[in-house]
Amino acid sequence: MRLAAIPSVDRILQDSRLASAIGRHGRELVVAELRAELAERRAALKGGAGAALDEEAIVAALLSRLELAAQPSLRPVFNLTGTVLHTNLGRALLPREAIEACARVQAGPANLEYDLEIGERGERDDHLEALLCRITGAEAAAVVNNNAAAVLLALNALAAGREVPVSRGELVEIGGSFRIPEIIEAAGCSLREVGTTNRTHLRDYEKSIGPKTAAILKVHTSNYAVVGFTAGVAEPELAQLAHAKALPFVTDLGSGSLVDLARWGLPAEPTPMQALAAGADLVTFSGDKLLGGPQAGLVVGKRGLVERLRKSPMKRALRLDKGRIAALEAVLRLYLDPERLAERLPALRQLTRTTAGITAAAERMRPVLQDWCGRLAKVTVAPCASQVGSGSLPVDRLPSAALRIASSQVRPAAIAKALRALPVPVIARIHEDAVWLDLRCLEDEEGFAANLCGRSLA
Ligand SMILES: *Cc1c(COP(=O)(O)O)cnc(C)c1O
């Protein structure tokens with residue numbers, strides 16, 4: 001093959017099919033990708049391998065290269081893992097109200113830190129504090145980047161250079177890199193371990209308190225359960241001890257639901273209201289777990305303590321941007337009407353779906369998925385168990401329904417990989433030699449069908 005037979009860059013750029021590609025991607029990217037494509041073909045020829053040299057083949061290859069290059073790295077997927085608040089898949093989905101509120105302030109200037117009444121500098125927490133106090137009954141509230149940041153800020157502002165006693169049964173690690181002992185150290189405090197893994201008594205806390213103690217921390221053990229011969233100290237007792245020693249009592253609630261989930265037949269998760277009633281001076285919890293909002297860390301409690309957090313330089317480093325403040329405000333407003341919450345808040349809507357409803361969805365989607373599998377695999381509707389995720393209610397499971405793909409010809413890992421390669425990647429779960437698609441979190445059935453339509457596993 002003669003290298004000279006390869007058409008020139010200029011010639012290919014004249015191709016009529018590239019006009020719209022140039023309009024969409026810009027001339028620079030099209031030229032760069034074309035050069036890369038031609039270089040690959042030249043290299044293949046030099047290496048003795050065959051390569052198509054006609055314009056037709058080169059343009060087709062270029063167009064698919066451009067598609068790939070334009071694909072964003074962060075993009076939507078179908079979460080059919082059965083874990084509703086999936087940390088790796090972005091946790092809670094925002095309600096329409098929050099997305100619109102966020103879009104409104106992102107597109108232009110907003111009174112983020114500006115008091116419209118007096119025409120002077122304001123405080124960004126002001127947009128959320130009154131709402132949070134109204135919902136939780138707290139005196140004051142502050143908001144930061146996530147709950148890990150809230151814990152870090154609270155410890156740093158209240159206890160830097162001093163000791164914080166924590167029960168050995170609560171030295172938790174949350175997925176990724178949040179470990180209580182490390183957060184305490186990063187906050188500039190020293191951890192004072194109290195009691196044992198399975199049993200901690202009030203006298204253990206009493207013994208641990210000395211002149212260096214700055215606060216008592218209680219951590220909600222959100223992603224595991226210690227069962228058997230166990231003992232912990234009830235929060236009111238711990239609060240009483242802290243207050244007798246003039247120490248703040250801080251509770252890291254983790255998920256923390258703003259409503260009693262029992263109302264919808266879901267297992268109970270402690271609320272910030274309960275923690276405050278039990279005597280906590282500060283309670284921290286996440287915005288994107290059971291609360292169902294954007295990533296955020298919320299702190300509610302005593303005014304004097306919240307003010308100390310707000311004055312810390314760390315608060316500035318951990319603050320929220322206007323988009324998330326707007327989204328969080330919109331989500332919190334939904335809580336003012338709890339009766340409609342389960343239909344308006346996606347996290348709660350998905351958690352409260354009935355098994356019958358999910359099974360019916362699975363029946364509707366089964367033929368679509370069977371078409372995609374063709375003769376390579378068999379799709380059945382099977383009962384399964386979803387979980388809340390993000391460490392909430394770790395031992396509780398919610399009965400659900402799944403599409404189960406079983407095959408004697410294609411390995412489950414290969415099927416799962418093919419599902420992830422769809423235009424909108426479908427994230428499933430492999431269990432007992434089959435691929436399971438839990439339909440609890442599938443709300444866009446039309447989109448799911450369109451994603452599979454005209455494609456196949458083979
Ligand atoms: C999830 C969790 C955190 C971390 O919260 P993020 O919002 O993910 O930063 C901290 N503590 C507990 C107990 C948790 O469950």
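What you see is a predicted model; the values in this text were computed from it and never measured.
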Excluding sequence neighbours, so at least two apart, what forms side-chain hydrogen bond (donor to acceptor under 3.5 Å, both in side chains) with Glu170?
Lys218
side-chain hydrogen bond (donor to acceptor under 3.5 Å, both in side chains) partners of Asn79, counting only residues at least two apart
Thr81
Any salt bridge between Lys289 and Glu269, counting N to O under 4.0 Å?
no
For the pair Arg344 and Glu97, find out whether any cationic side-chain nitrogen is under 4.0 Å from an anionic carboxylate oxygen.
yes
Residues Thr284 and Asp252: side-chain donor-acceptor under 3.5 angstrom
yes
So salt bridge (charged side-chain N to carboxylate O under 4.0 Å, His left out) across residues 346-359, not counting sequence neighbours, yields Arg349-Glu443
Using the salt bridge (charged side-chain N to carboxylate O under 4.0 Å, His left out) rule, collect all pairs that involve residues 6-31, keeping only residues at least two apart or in two chains.
Arg11-Glu55, Asp15-Arg17, Arg17-Glu56, Arg24-Glu67
Looking only at atom types and distance, does a side-chain atom of [X] sit under 3.5 Å from a main-chain N or O of [Y], one as donor and one as acceptor?
X: Arg199; Y: Thr230; answer: yes
X: Arg310; Y: Lys315; answer: no
X: Trp436; Y: Cys384; answer: no
X: Ser407; Y: Leu376; answer: yes
X: Arg324; Y: Gln295; answer: yes
X: Asn147; Y: Phe285; answer: yes
X: Arg340; Y: Leu334; answer: no
X: Tyr335; Y: Leu291; answer: yes
X: Gln409; Y: Ala377; answer: no
X: Thr251; Y: Leu253; answer: no

Do other residues, nucleotides or ligands put more than 12 heavy atoms under 6.0 Å from the [atom1] atom of [X]?
X: Arg455; atom1: CZ; value: yes
X: Glu185; atom1: CD; value: no
X: Arg134; atom1: CZ; value: no

Output all residues satisfying salt bridge (Lys or Arg N to Asp or Glu O under 4.0 Å) with Glu33, sequence neighbours left out; order by chain, then residue number.
Arg65
Does Arg91 have any salt bridge (Lys or Arg N to Asp or Glu O under 4.0 Å) partners at least two apart in sequence or in another chain, and if so, which?
Asp288
Evaluation steps, side chain to side chain contact (heavy atoms under 4.5 Å, CB included), between Val143 and Asp125
CA-CA 6 Å; Val143 185; Asp125 280 350; 4.0 Å; yes
Filter on ring-ring contact (aromatic ring centres under 6.0 Å, His included), then keep only pairs touching [range], sequence neighbours left out; what's left?
range: residues 41-66; answer: none
range: residues 44-75; answer: none
range: residues 60-108; answer: Phe78-Phe448
range: residues 18-45; answer: none

side-chain contact (heavy atoms from CB on, under 4.5 Å) partners of Glu339, counting only residues at least two apart
Arg263, Asp337
Quick one, Trp264 with Leu351, criterion side chain to side chain contact (heavy atoms under 4.5 Å, CB included). Give me CA distance, side-chain angles, the key distance, then yes/no.
CA-CA 9 Å; Trp264 295 280; Leu351 288 171; over 6 Å; no
Do you know which two heavy atoms are closest between Ile405 and Cys373, and how far apart they sit?
CG2-SG, 3.8 Å
Pro165 and Val194: which non-hydrogen atoms are nearest, and at how many Å?
CB-CG2, 3.6 Å
Any pair with a residue in residues 368-385 that passes side-chain hydrogen bond (donor to acceptor under 3.5 Å, both in side chains), sequence neighbours left out, goes on the list, sorted by first then second residue, please.
none
